[in-house]
Asks: 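Dumping the structure here so I can ask a few things about it.
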Number of protein chains: 2
Amino acid sequence: MIVIDYKDSRPIYEQIVEKFQKLIVKGVFEADSQMPSVRSLAMELSINPNTIQKAYAELERRGFIYTIKGRGNFVSSGKEYLKYKIGEIQIKFDKLCEEAESVGVKREKIAAYILGKEMSL
Amino acid sequence: MIVIDYKDSRPIYEQIVEKFQKLIVKGVFEADSQMPSVRSLAMELSINPNTIQKAYAELERRGFIYTIKGRGNFVSSGKEYLKYKIGEIQIKFDKLCEEAESVGVKREKIAAYILGKEMSL
DNA sequence: TTAAGTGTGTTAGTTGAAATAGTACACTTA
DNA sequence: TAAGTGTACTATTTCAACTAACACACTTAA
């Protein structure tokens, strides 16, 4: 199911995150179904359990899975990740708006630019 | 004028960039006045000329100074850096808007959020 | 209670990209 | 031509990210 590409320069845990993320977004897994345990997947891929752990922690941070200590990792209900992602985007807009204001660009101007009513900031 | 802080974890060239940037923004240097040469400043700070070169290249990229080969580096006219910075911010807004649209957030909604007419995206 | 499963935390080793240095080259001016 | 300037190439160093080893803690079922 999951294959590591050692020609790929990206870290292993990142490859794992991406692959599960795609599968979950596609709806391949049922909500609340159990993920492979960190040990079994590590064994299958011949890598250290900590690397799977790191991937799972990131998937949890992004809202794709949730963890119950001693029981395992489980797939989140489908829309959790969208909520997470929009939250992240909102934070980025907040920071960027502050940055723009610090160089004299007003919010009205930003809004107009985004709506295509102004060609530049 | 410029002092390196070796307790500071940031790289030397970055410290130099920041210090000159602040001085130039403050208007301490006249426009078109000459910067210290890479060699003289390197000598003064007891570091390699390439490190100064790297700092100056970054300052040029940001629009704070300009270079004439064989002659030296010179301070840009005051407003160059603002133009640069606003350009950078514009690019970031473009990317962020695309990202938002990819998860179903419309531009109208973004504009409304930025203007404070909506509490969240 | 115990055994076998699960995740977690701490520490140590590895490795690759970024930072810095050494050196040689090219342009500008007097 | 000499003494100043910036620049390019390569080598070395350093440090943070990644991965691994191992011990600990929780959950469940027999």
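Below, each value reflects all heavy atoms present in this structure, side chains not excepted, and no hydrogens, waters or symmetry copies. None of these values were measured; they are calculated from a predicted model. Proteins get letters first, then strands, A, B, ... in listed order; numbering begins at 1 in each.
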Asks: May I have the distance from R61(B) (atom CZ) to dG6(D) (atom P), rounded to whole angstrom?
Replies: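 Rounded to the whole Å, the gap is 20 Å.
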Asks: Round to the nearest Å and state the distance from F74(A) atom CZ to dG5(C) atom C1'.
Replies: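 Nearest whole value for this atom pair: 12 Å.
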Asks: For residues 110-121 of chain B, which side-chain N or O atoms pair as donor and acceptor with protein atoms under 3.5 Å away, sequence neighbours left out?
Replies:
from, atom 1, to, atom 2, distance (Å)
Y113(B), OH, Q90(A), NE2, 3.3
Y113(B), OH, D94(A), OD1, 2.7
Y113(B), OH, D94(A), OD2, 3.2

Asks: Round to a whole Å and report the spacing from CD of Q34(B) to P of dT28(C).
Replies: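 The distance from CD of Q34(B) to P of dT28(C) comes to 14 Å, rounded to the nearest Å.
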Asks: So, is Q53(B) near the phosphate of dG6(D), with a side-chain N or O under 4.0 Å from OP1 or OP2?
Replies: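 Negative; the distance criterion is not met.
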Asks: Between dT7(D) atom C1' and I52(B) atom CD1, what is the distance in whole Å?
Replies: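 Whole-Å distance recorded here is 15 Å.
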Asks: Can you tell me the distance, in whole Å, between the OH atom of Y56(A) and the C1' atom of dG7(C)?
Replies: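 Value for this atom pair: 11 Å.
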Asks: Go through the structure and list residues passing side chain to side chain donor-acceptor pair (under 3.5 Å) with S37(A), not counting sequence neighbours.
Replies: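 With neighbours one apart ignored, the set is S40(A).
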Asks: With a 4.0 Å cutoff (strictly under), does any side-chain N or O of S37(B) reach OP1 or OP2 of dT5(D)?
Replies: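 So the side-chain polar atoms of S37(B) do come within 4.0 Å of the phosphate oxygens OP1 or OP2 of dT5(D), strictly under.
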Asks: When hydrophobic residues are tied together by side-chain contacts of less than 4.5 Å, even through go-betweens, does L96(B) share a cluster with Y84(A)?
Replies: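 No, no single cluster joins them.
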Asks: Applying side chain to side chain donor-acceptor pair (under 3.5 Å), name anything that partners E44(A), two or more places apart in sequence or on another chain.
Replies: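 In terms of side chain to side chain donor-acceptor pair (under 3.5 Å), with neighbours along the sequence ignored, E44(A) is linked to no residue.
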Asks: Assess whether a salt bridge exists between R61(A) and E58(A), defined as any Lys/Arg side-chain N lying under 4.0 Å from an Asp/Glu carboxylate O.
Replies: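 Looking at R61(A) and E58(A), the cut-off is met.
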Asks: M43(B) CE to dG6(D) P: how many Å, rounded?
Replies: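 Interatomic distance, CE of M43(B) to P of dG6(D): 13 Å.
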Asks: For nucleotides 17-30 of chain D, read 5' to 3', which letter fits each nucleotide if B means a protein heavy atom sits under 4.0 Å from the base, S means only the sugar-phosphate is that close, and - means neither?
Replies: -SSBBB-B-BSS--
Asks: Side chains of residues 16-28 of chain B: which donor-acceptor partners sit under 3.5 Å, not counting sequence neighbours?
Replies:
from, atom 1, to, atom 2, distance (Å)
E18(B), OE1, R10(B), NH1, 2.6
K19(B), NZ, V3(B), O, 2.3
Q21(B), OE1, R62(B), NH1, 2.7

Asks: Could you state the CG-C1' distance from N73(A) to dT8(C), rounded to the nearest angstrom?
Replies: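 It works out to 11 Å between those atoms.
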Asks: I65(A) has an atom CD1; how far is it from atom C1' of dG7(C), in whole Å?
Replies: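 Going from CD1 in I65(A) over to C1' in dG7(C) covers 11 Å.
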Asks: With sequence neighbours left out, write down each residue that passes ring pair (Phe, Tyr, Trp, His ring centres under 6.0 Å) with F64(A), or none if nothing qualifies.
Replies: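 If we apply the ring pair (Phe, Tyr, Trp, His ring centres under 6.0 Å) test to F64(A), skipping adjacent residues, the hits are Y81(A).
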Asks: Could you tell me the Watson-Crick or G-U partner of dA30(C), where both distances fall under 3.5 Å? Say none if there is no partner.
Replies: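 Partner of dA30(C): dT1(D).
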